[in-house]
Amino acid sequence: MAELQDRIDINVEELEENLGEAKLHEFIKASEANFVAAVDEIVDEVLSDSEKRVIFISGPTSSGKTTFTMHLSDNLKQRGRQAHFISLDDYYVIRDLRFDRDGRPDFETIDALDVDRAADDISRILKGEKVCTPYFDFNIRKSLEKDPSEAIQLESDGILVVEGLHGLSSRFTSSLNRASYAKVFIMPYGNVYADNKLFDSNDIRLLRRIVRDYRHRNAHALATIDYWPLIKKSEEKYYDEYLANADYHINSFLSYESLIIAPLAKHDIKEALEQFAAKRIVPSVFMSNSNTNKAFANLSDALKQANDLLEKLDWIPVVNPKFVPDDSILNEFISK
């Protein structure tokens, strides 16, 4: 059973002490090295067990599951093992949605996935069949079929890596031999302090999500903040179970990341607030499937939280994203 461990606590003074190109380079290098070491440890253990055929990865939103999965797969390949990965996000089905009391549609529930198809695809891949998985385009919010040339076929000693919020659900593993798979739970686990605590693990994920949604999912900051209460509530149903079921916990918080994420989130929030003030704010994309006609679930709460975040973000020094390494997990959120 995995437990949250190795929490990273850092304060603004420490961040400021690591500014300057030489110090910053070493600070970033050390932060990234800790994450890489965690990936290497799992790869070592998986490769030492000839029965392992699947690695299931779970974690709450904006934990870096996708990049971690790619790192893991690439590491396995570099060590001489064929590896393929699939994302359970690609099995989204926009039908029979449930809503919270403010009309937010619940895209976080496992029932928003085509579980039967995903489980069948996993089983067929492990049998060595050639399988063409679906693809969910978050910009247009539609499920598409991949080209047959992208079909997955696993060799007899190949390893399949499966990632998603519900990657540790027993609905994907019930038909598999327990010895054949490993389970990983990933999330950022840390705090950022000034005189008092500025951001905890939940805030870190929210800031990552704001930055990612703006760049990858056609959602402005107020839309993400407005949708966040649904995300938190839905994840609470699964968090403890998936963490308890995991063999490993990976802390994806990088000590330097606030220097990068915070200024970007500040920009995105300020832009959304300016658009609101100019009466140019567009409706939340997350409410387009709502059972109400509201443009936002609770705009007044979202505005208050946005302004609260701006006050805290003012504490964080600004660093150019160009210093982020090309293979960093942060690129999952900041790249365009």
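Positions are given from 1 along the sequence.
Contact check for Leu76 versus Ile55: side-chain heavy atoms found under the 4.5 Å cut-off. With a 4.5 Å cut-off on side-chain heavy atoms, Leu207 and Leu313 count as touching. Arg208 places a side-chain heavy atom less than 4.5 Å from the side chain of Pro188. Counting heavy atoms from C-beta on, the side chains of Leu222 and Leu303 come closer than 4.5 Å. Within the 4.5 Å cutoff, the side chain of Phe56 has heavy atoms near those of the Leu176 side chain. With contacts defined as side-chain heavy-atom distances shorter than 4.5 Å, the pair Ser180/Lys52 does not qualify. Looking at heavy atoms from C-beta onward, Asn18 lies out of side-chain contact with Tyr256 at the 4.5 angstrom threshold. Between Val285 and Arg217, every side-chain heavy-atom pair lies at or beyond the 4.5 Å cut-off.
Under the 3.5 Å distance criterion, the side-chain polar atoms of Asp102 are left unmatched by any main-chain donor or acceptor of Arg104. Side chain of Asp114 to backbone of Tyr91: no donor-acceptor contact under 3.5 angstrom is found. The closest donor-acceptor contact from the side chain of Glu14 to the backbone of Asn11 lies under 3.5 Å. Counting only distance, with no hydrogens or angles, the side chain of Gln82 and the backbone of Ile159 share no donor-acceptor pair below 3.5 Å. Between the side chain of Asp226 and the backbone N or O of Ala297, at least one donor-acceptor pair lies under 3.5 Å. Judged by distance alone, with hydrogens and angles left aside, the side-chain atoms of His71 form no donor-acceptor pair with the main-chain N or O of Ser328 at under 3.5 Å. Of the possible donor and acceptor atoms, one in the side chain of Asp247 sits under 3.5 Å from a partner among the backbone N and O of Lys183. Counting only distance, with no hydrogens or angles, the side chain of Ser335 and the backbone of Asn331 share a donor-acceptor pair below 3.5 Å. Without hydrogens or angle criteria, Ser201 side chain to Gly190 main chain gives a donor-acceptor distance under 3.5 Å. When atom types are taken as modelled, the side chain of Ser234 and the backbone of Ile231 share no donor-acceptor pair closer than 3.5 angstrom.
Here Lys312 does not pair with Asp308 in a salt bridge; the nearest charged N to carboxylate O distance is not below 4.0 Å. Between Asp157 and Arg79 there is no salt bridge, since no side-chain nitrogen of the basic residue lies less than 4.0 Å from a carboxylate oxygen of the acidic one. In summary, Asp111 and Arg171 engage in a salt bridge, as defined by a charged side-chain N under 4.0 Å from a carboxylate O. One finds a salt bridge joining Asp9 and Arg7 here, because a Lys/Arg side-chain nitrogen approaches an Asp/Glu carboxylate oxygen to under 4.0 Å. Between Asp268 and Arg215 there is a salt bridge, since at least one side-chain N of the basic residue sits less than 4.0 Å from a carboxylate O of the acidic one. Salt bridge absent: Glu332 and Lys65 never bring a charged side-chain N and a carboxylate O closer than 4.0 Å.
Under the 6.0 Å cut-off for aromatic ring centres, Phe323 and His25 do not qualify, their centroids lying 6.0 Å or more apart. Separation of the Phe253 and Tyr189 ring centroids does not fall under the 6.0 Å cut-off. Between Tyr239 and Phe185, the ring center distance clears the sub-6.0 Å criterion.
For the side-chain contact (heavy atoms from CB on, under 4.5 Å) test with Leu330, the passing option among Leu264, Ile28, Leu254, Val211 is Leu254; the others fail.
Considering CD of Glu257 and CG of Leu15, their distance stands at 10.5 Å, rounded to 0.5 Å. Lys270 NZ to Asn307 CG: the interatomic distance, rounded to the nearest 0.5 Å, is 11.5 Å. Distance CG/Asn34 to OG/Ser255: 7.0 Å, rounded to 0.5 Å. Put simply, CD1 on Ile122 and OG on Ser175 are 8.5 Å apart, with the number rounded to the nearest 0.5 Å. Note that OG of Ser62 is 8.0 Å distant from CG of Leu206, once rounded to the nearest 0.5 Å. Between the CG atom in Asp314 and the CG atom in Leu309 there is a gap of 11.0 Å [rounded to 0.5 Å].
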Going through the distances and angles, do Leu160 and Phe85 end up as a side-chain contact (heavy atoms from CB on, under 4.5 Å)? CA-CA 6 Å; Leu160 179 65; Phe85 71 87; 5.9 Å; no

For a side-chain contact (heavy atoms from CB on, under 4.5 Å) check, start with the C-alpha distance between Val12 and Leu198, then their side-chain angles and the critical distance, and finish with the verdict. CA-CA 9 Å; Val12 171; Leu198 290 178; 3.9 Å; yes

Start with the C-alpha distance between Asp203 and Arg205, add both sets of side-chain angles, then the distance that settles salt bridge (Lys or Arg N to Asp or Glu O under 4.0 Å), and finish with yes or no. CA-CA 5 Å; Asp203 299 319; Arg205 291 193 300 110; over 6 Å; no

Evaluate Glu145 against Arg117 for salt bridge (Lys or Arg N to Asp or Glu O under 4.0 Å), listing each step before the verdict. CA-CA 13 Å; Glu145 293 298 323; Arg117 177 174 179 181; 3.0 Å; yes

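Residues Glu163 and Ser87 bring a donor and an acceptor atom of their side chains to less than 3.5 Å of each other. In summary, the side chains of Thr133 and Asp121 do not present any donor paired with an acceptor at a separation below 3.5 Å, with no hydrogens or angles considered. A donor-acceptor pair shorter than 3.5 Å cannot be found between the side chains of Thr61 and Glu235. No hydrogens or angles considered: a donor-acceptor pair under 3.5 Å links the side chains of Tyr248 and Glu45. Side-chain contact of Asn75 with Ser73: a donor-acceptor pair under 3.5 Å is absent, judged by distance alone. Side-chain contact, His166 with Tyr242: a donor N or O sits under 3.5 Å from an acceptor N or O. Side-chain contact, Tyr214 with Glu271: a donor N or O sits under 3.5 Å from an acceptor N or O.
By the criterion of side-chain heavy atoms lying less than 4.5 angstrom apart, applied directly or through intervening Ile, Leu, Val, Met, Phe, Trp or Tyr residues, Val318 is not grouped with Ile210; the two fall into different hydrophobic clusters. In the hydrophobic clustering of this structure, Trp315 groups with Leu259; members are Ile, Leu, Val, Met, Phe, Trp, Tyr whose side-chain heavy atoms approach within less than 4.5 Å, directly or through other members. Hydrophobic clustering (ILVMFWY, side-chain heavy atoms < 4.5 Å, transitive): Val36 and Leu47 are in distinct clusters. In the hydrophobic clustering of ILVMFWY residues, with side-chain heavy atoms under 4.5 Å counting as a link, Ile316 and Leu273 come out together. Leu165 and Phe172 sit in two unconnected hydrophobic clusters of ILVMFWY residues. Membership requires side-chain heavy atoms under 4.5 Å apart, directly or through other members.
Taking every heavy atom of both residues into account, Ser252 and Ser63 meet most closely at OG-O, 2.7 Å. In plain terms, the two heavy atoms of Ile250 and Ala38 that are nearest each other are CD1-CB, 3.6 Å.
Taking the six-membered ring for Trp and thresholds of 30 and 60 degrees, Tyr92 and Phe107 have ring planes more than 60 degrees apart, a perpendicular arrangement.
Heavy-atom contacts from other residues, nucleotides or ligands closer than 6.0 Å to CZ of Arg178 number more than 12. Other residues, nucleotides and ligands place no more than 12 heavy atoms under 6.0 Å from the NZ atom of Lys29. The environment of NZ in Lys23 is sparse: at most 12 heavy-atom neighbours from other residues, nucleotides or ligands sit within 6.0 Å. In this structure, Glu150 places its CD atom where more than 12 heavy-atom neighbours from other residues, nucleotides or ligands lie under 6.0 Å away. Asp147 CG: more than 12 foreign heavy atoms inside a 6.0 Å radius.
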